[in-house]
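Report on the following structure.
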Amino acid sequence: MCGIVAYIGPREAYPIILKGLKRLEYRGYDSSGVALLNHTGLNVYKKKGKVAELEESLVGKNLHANAGIGHTRWATHGEPSDRNAHPHQSANGKLAMIHNGIIENYAQLKTELQKKGYVFKSDTDTEVLLNFIEDIQKNNHCGLEEAVRIALKRVVGAYVIVLLDQDNPDTLIAARKGSPLVIGVGKGEHFLASDASPIIEYTKEVVYVNDYELAILKPDELILKNLGNEKITPFIQKLDLELAAIEKGGYDHFMLKEIFEQPDTIFDCLRGRLDINNASITMAGVQNNIEQMMHAKRIIMVACGTSWHAGLIAEYVFEELCRIPVEVEYASEFRYRNPVIHQGDVIIAISQSGETADTMVAIERAKEQGAFIFGVVNVVGSSIARISNAGAYTHAGPEIGVASTKAFTAQLAVLTMIALKIAKEKKTISEERYVHLLNELNNIPEKVREVLLLNEQIKKLAIKYKDSKDALYLGRGYNFPVALEGALKLKEISYIHAEGYPAAEMKHGPIALVDDQLPVVFVATKDSYHEKIISNIQEIKARKGKVIAVISQGDDAIPKMADDSMAVPEADELVAPLLSVIPLQLLAYHIGVAKGCDVDKPRNLAKSVTVE
Ligand code: G6P
């Protein structure tokens with residue numbers, strides 16, 4: 001949610017910031033801006049729309065500067081517009097600030113400042129905080145660092161802020177609470193960003209800033225302090241990330257690239273963990289906490305969006321294999337509901353970004369109440385990964401497309417391995433079934449490769465169905481959450497209204513929607529519910545609905561009933577979602593493209609939702 005980039009050092013700041021903003025655009029893209037500081041003073045440029053529009057508007061301008069800050073926005077306070085775009089400038093024009101997060105008590109601060117005569121140029125909470133800092137500087141006759149520290153003690157909410165000060169052109173000041181911030185440490189230069197992607201081109205040495213920390217950056221000096229003004233030794237880490245991983249590599253869109261990466265990302269996720277020869281799974285996070293996990297009275301999956309769907313599938317897997325009751329919670333509901341949490345509860349927090357604010361706060365609360373937190377996270381070093389008691393990374397690599405694809409299948413692979421490992425220890429699975437499932441999981445990457453051969457067929461289907469106004473997605477058992485995920489993908493990417501439902505539950509409502517215009521997508525691979533879902537298909541056909549079915553290869557019954565079928569290799573029903581979801585990702589992608597939508601950056605969405 002909002003991307004921030006900053007630079008200070010001997011190079012030209014603008015090209016670094018612009019490139020960084022393009023890399024961070026997945027975080028928000030309704031407006032963007034830069035503030036550049038050089039000997040002529042502070043110059044702020046802002047533009048509604050994508051970063052490319054900002055770039056275009058700056059052609060021919062003198063952008064020379066060795067210090068600068070940039071921002072790409074996902075609006076919270078105030079509509080997307082030039083005036084609400086960041087950076088904001090303080091009333092005296094000397095300070096410029098970018099902000100990612102929400103200042104919850106901004107209204108109160110604004111009233112106080114208005115009484116003192118401050119006039120605001122934007123509707124944002126950011127401008128309020130900035131003028132609050134300026135006001136403290138004025139009243140307390142203190143430097144910017146001190147003023148920021150005092151201000152942040154009064155602020156309620158989440159933030160990463162970065163400030164430029166016209167009077168101190170060789171210093172950047174940044175602070176974090178609840179939103180991500182990475183510092184890149186170069187030779188005589190420093191970089192700042194919401195994630196490492198704008199930084200890796202220049203340096204692999206990074207420092208992840210923690211909550212309630214303040215960073216004072218000069219070209220050749222990095223000082224970290226807490227809000228009590230005590231110095232903290234920066235922990236410099238080496239990034240294990242290659243530039244190629246965050247570029248499109250010949251694909252039209254990141255989303256398509258990421259869908260096609262899935263044979264490799266699932267393989268990477270299994271690699272070093274699943275050992276077919278020894279019929280074993282190595283996962284240190286589970287092994288080191290095996291007593292806690294196998295004796296859990298209850299497992300609660302906490303997540304948002306696509307990650308929540310992974311949690312739903314995991315519910316079926318864990319209950320079947322481990323015989324532990326599982327609840328799956330939307331993080332945003334769980335955190336406010338005053339849930340009953342017992343000492344022996346295990347919370348599995350699932351998150352691609354590891355920064356989703358609701359998930360983060362939900363697990364913080366549960367941890368305070370004694371729950372054990374296990375993180376299933378993609379982004380290494382992210383906030384959720386760090387707050388968890390233990391965890392397993394999904395190793396899917398950077399996911400840039402806003403709609404999650406490869407992170408979802410990697411989450412399923414990790415969650416299935418965790419369940420298998422617990423089940424083996426608990427002896428709730430037979431040796432024969434355990435070995436069978438290890439083999440099934442091991443074969444998934446190759447089977448996914450086969451599913452991807454459906455791409456051209458699905459492209460044609462997309463043309464056929466692209467003008468639909470609504471769509472219904474139905475599945476049963478392990479494939480019910482896949483139906484939810486398929487519907488979510490279509491909504492996100494193509495703006496077609498879509499609903500996912502348990503196929504049998506369809507009779508209690510959605511069936512009223514069925515007519516000869518409504519496409520109904522069935523996730524109907526061969527499993528223990530197969531006969532039942534065939535009956536559901538017939539119920540739709542009897543009402544003239546159009547049926548598109550994801551089926552298992554060799555199924556000759558469903559193609560006779562369905563208008564269109566997409567056949568995936570057969571697999572045990574417990575791992576089948578890893579295959580059945582892929583045609584649905586491709587269908588959403590191609591419909592989005594056929595409709596001319598910006599599939600990598602769908603309107604109103606953001607990849608990493610760091611506000612509640
Ligand atoms: C946003 C993204 C989704 C993602 C969800 C949860 O809504 O657009 O793709 O599933 O956040 O994000 P997380 O990073 O916690 O998995």
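In what follows, residues are counted from 1 in the order of the sequence shown. As the structure lists them, so they are numbered: ligands from 1, and atoms in each ligand from 1. Just so we're clear, the structure is a prediction, and the values are computed from it rather than from any experiment.
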Q. Which pairs with one or both residues in residues 587-599 pass salt bridge (charged side-chain N to carboxylate O under 4.0 Å, His left out), sequence neighbours excluded?
A. K50-D598

Q: Please collect all salt bridge (charged side-chain N to carboxylate O under 4.0 Å, His left out) contacts where either partner lies in residues 471-480, sequence neighbours excluded, each pair once.
A: none

Q.
Quick check against the 3.5 Å criterion: does N84 have a side-chain atom that pairs as donor or acceptor with the backbone of E79?
A. yes

Q.
Among residues at least two apart in sequence or on other chains, which ones pass salt bridge (Lys or Arg N to Asp or Glu O under 4.0 Å) with K19?
A. E201

Q | Pairwise side-chain contact, K447 with V568, heavy-atom cut-off 4.5 Å (strictly under) | A | no

Put together the list of close N/O pairs, under 3.5 Å, between ligand 1 and the protein, could you?
residue: ligand 1; atom: 8 (O); partner: A606; partner atom: O; Å: 3.0
residue: ligand 1; atom: 9 (O); partner: V402; partner atom: O; Å: 3.2
residue: ligand 1; atom: 10 (O); partner: T306; partner atom: N; Å: 3.0
residue: ligand 1; atom: 12 (O); partner: T356; partner atom: OG1; Å: 3.3
residue: ligand 1; atom: 14 (O); partner: S351; partner atom: OG; Å: 3.4
residue: ligand 1; atom: 14 (O); partner: Q352; partner atom: N; Å: 3.4
residue: ligand 1; atom: 14 (O); partner: S353; partner atom: N; Å: 2.7
residue: ligand 1; atom: 14 (O); partner: S353; partner atom: OG; Å: 2.6
residue: ligand 1; atom: 14 (O); partner: T356; partner atom: OG1; Å: 3.4
residue: ligand 1; atom: 15 (O); partner: S351; partner atom: OG; Å: 2.6
residue: ligand 1; atom: 15 (O); partner: T356; partner atom: OG1; Å: 2.5
residue: ligand 1; atom: 16 (O); partner: S307; partner atom: OG; Å: 2.5
residue: ligand 1; atom: 16 (O); partner: Q352; partner atom: N; Å: 2.7

Q.
Check the orientation of Y316 and Y478. Use parallel for under 30°, tilted for 30 to 60°, and perpendicular for over 60°.
A. tilted

